Visitor: 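Below are the structure tokens for one structure; questions will follow.
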Protein chains: 2
Amino acid sequence: MNLHPPRTRIQRKNTESILNAGLEVFSRQGFRGATLDQIAVEAEMSKPNLLYYFPSKEAIHVTLLDRLMQTWLDPLRALDAGGDPVEELLAYVRRKLQMSRDYPRESRLFANEILQGAPRMLTALEGDLKTLVDEKSAVIQGWSDAGKLAPVDPRHLIISIWALTQHYADFDVQLRAVLGPGHDPLQEAEGYLEQLFKKLLTP
Amino acid sequence: MNLHPPRTRIQRKNTESILNAGLEVFSRQGFRGATLDQIAVEAEMSKPNLLYYFPSKEAIHVTLLDRLMQTWLDPLRALDAGGDPVEELLAYVRRKLQMSRDYPRESRLFANEILQGAPRMLTALEGDLKTLVDEKSAVIQGWSDAGKLAPVDPRHLIISIWALTQHYADFDVQLRAVLGPGHDPLQEAEGYLEQLFKKLLTP
DNA sequence: TGTTCTTTTGACCAATCGGTCAAGAACACG
DNA sequence: CGTGTTCTTGACCGATTGGTCAAAAGAACA
């Protein structure tokens, strides 16, 4: 029986390989659209071997979502109430945009889950995520009240940062088609988003 | 043989019912995740009857995407080079947000297609969409050059309008979870987005 | 070396998939 | 009414689905 923290080198390598393959397939096809055969091919492994390491297709998916939730909110957690308000928020935008650049598959996995109605994530959204947003919204509200930030709805500010940064990961194909060759959407986004949020937030 | 423009009342009613059911299912599950049985149940019709009106699952999907492309860009097409720049762009934001409110399923259908890499839409994106964006970008650039608009990258301005307005449709489940009961994300978005784009665009 | 535990896979299973077909039911129109 | 057309569906098909199992192949350690 394979326990939760993989013990041997082979276990560690194979579970990681499966999760990587699962991320690749789930992020493109969604849970229902993905098949174990696709994941097995991507992981260069036979299908029964997949199921030696994970008991089911859903187990792979759930593991990926759990891992995602652990790191996805780090950029927002790092928002420091003691720092300079505008600079803190711009740094948050930069960190989130960096995640779109480094982890586009994770971003699409998340988007797919939400599009399906978040059947396996709703409790996490209503729990940890809401708590974190409530907490950071209070910080932002405090900054606004103190006149160190333009008055702005803190929750919708956070939402707009999500929308803009994640869009550059999830809709990358569309943006490349529209911008044409010779353009790097994510690179150009950095300057544009800094301009946008500077104007919005500077008191 | 059923021709393209449905002739009889029954044909019109049933094709419409199928497309509506297909929209419901495809927008949640994506193309691969959706099944003809689900669509048939949703349309209250037997599966062979579906296939009497559409030759295949893909034909339903393609028809939906074609219809979508015809209306999806209307808000941007309506951007009037002769109007007041800031007001024209704010009106565009309002129209796009209204589409998120009225047609969330169409928005999710589009998002699903892009997340999968736009296999059935890429040519349309590189064609009609790019042409339209190029044209309207020139208008916006002209406004900026004339000093009637803050200097801003026109293409990324359009992209940011897409990102923000579509996010309120596609991620509605998440936003409701985060905002908690008693909040209507799309309603609150209107004021927030107006504030955001007014600040960004006013010279 | 032999023995034990871990890892791998070909063959297989029931359920579901997209799609077909023939035959019946409902309709339109003289 | 009758008759030709349109509409509907139960039964079915081969392929694919998620998942099982037994047996073989590899590692690990004595």
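Letters go in sequence order (proteins before strands), and every chain restarts at 1. What you are looking at is a predicted structure, and each value in this text was computed from that prediction instead of being measured.
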Visitor: Under the rule for side-chain hydrogen bond (donor to acceptor under 3.5 Å, both in side chains), what residues qualify as partners of B:Asp102, not counting sequence neighbours?
Guide: B:Gln98
Visitor: What is the separation between atom CG on B:Leu50 and atom P on D:dG10, rounded to the nearest whole Å?
Guide: 13 Å
Visitor: Going by number, which of residues 18-42 of chain B have a non-hydrogen atom under 4.0 Å from DNA chain D?
Guide: B:Arg32
Visitor: Identify whether the distance between the nearest side-chain nitrogen and carboxylate oxygen of B:Arg101 and B:Glu106 falls below 4.0 Å.
Guide: no
Visitor: In whole angstrom, what separates A:Lys47's NZ from D:dT17's P?
Guide: 8 Å
Visitor: Among all residues two or more places apart in sequence or in another chain, which pass the side-chain hydrogen bond (donor to acceptor under 3.5 Å, both in side chains) test with B:Asn112?
Guide: none
Visitor: Rounded to whole angstroms, how far apart are CG on B:Asn49 and C1' on C:dG24?
Guide: 13 Å
Visitor: side-chain hydrogen bond (donor to acceptor under 3.5 Å, both in side chains) with A:Arg95: which residues, sequence neighbours excluded?
Guide: none
Visitor: Please enumerate all protein N or O atoms sitting under 3.5 Å from an N or O of nucleotides 21-30 of chain D, with distances to 0.1 Å.
Guide:
none

Visitor: Below 4.0 angstrom from OP1 or OP2 of C:dT6, is there any side-chain N or O of A:Gln11?
Guide: no
Visitor: Mind checking whether A:Phe31 and A:His61 have parallel, tilted or perpendicular rings, split at 30° and 60°?
Guide: tilted
Visitor: Which atom pairs, one a donor and one an acceptor, fall under 3.5 Å between side chains of residues 161-168 of chain A and the rest of the protein, sequence neighbours left out?
Guide:
| from | atom 1 | to | atom 2 | distance (Å) |
| --- | --- | --- | --- | --- |
| A:Trp162 | NE1 | A:Tyr92 | OH | 3.0 |
| A:Thr165 | OG1 | A:Ile161 | O | 2.7 |
| A:Thr165 | OG1 | A:Trp162 | O | 3.3 |
| A:Gln166 | OE1 | A:Lys96 | NZ | 3.1 |
| A:Tyr168 | OH | B:His156 | ND1 | 2.7 |

Visitor: Can you list everything that forms a salt bridge (Lys or Arg N to Asp or Glu O under 4.0 Å) with A:Asp172? Sequence neighbours excluded, please.
Guide: A:Arg176
Visitor: Measuring to OP1 and OP2 of D:dC7, would you say a side-chain N or O of B:Tyr52 lies under 4.0 angstrom away?
Guide: yes
Visitor: For B:Lys198, which residues count as a salt bridge (Lys or Arg N to Asp or Glu O under 4.0 Å) partner, sequence neighbours excluded?
Guide: B:Glu194
Visitor: Tell me: CE of A:Met45 to P of C:dT7, nearest whole Å?
Guide: 11 Å
Visitor: Using salt bridge (Lys or Arg N to Asp or Glu O under 4.0 Å) as the criterion, list what pairs up with A:Arg105, not counting sequence neighbours.
Guide: A:Glu24
Visitor: Can you list, by residue number, the residues of residues 55-62 of chain B that have a non-hydrogen atom closer than 4.0 angstrom to DNA chain C?
Guide: B:Ser56, B:Lys57
Visitor: In whole angstrom, give the distance that lies between atom CG of B:Leu51 and atom C1' of C:dC17.
Guide: 12 Å
Visitor: Paired with D:dG19: which nucleotide, if any, by Watson-Crick or G-U wobble criteria at under 3.5 Å for both distances?
Guide: C:dC12
Visitor: Suppose we screen for side-chain hydrogen bond (donor to acceptor under 3.5 Å, both in side chains). Which residues come up paired with B:Lys148, at least two apart in sequence or across chains?
Guide: none
Visitor: Over how many whole Å does the gap from B:Lys13 atom NZ to C:dC27 atom P extend?
Guide: 10 Å
Visitor: Sequence neighbours excluded and cut-off under 3.5 Å, please list the side-chain donor-acceptor pairs for residues 117-132 of chain B, or say none.
Guide:
| from | atom 1 | to | atom 2 | distance (Å) |
| --- | --- | --- | --- | --- |
| B:Arg120 | NH1 | B:Glu58 | OE2 | 2.5 |
| B:Lys130 | NZ | B:Asp134 | OD2 | 2.9 |
| B:Thr131 | OG1 | B:Gly127 | O | 2.9 |

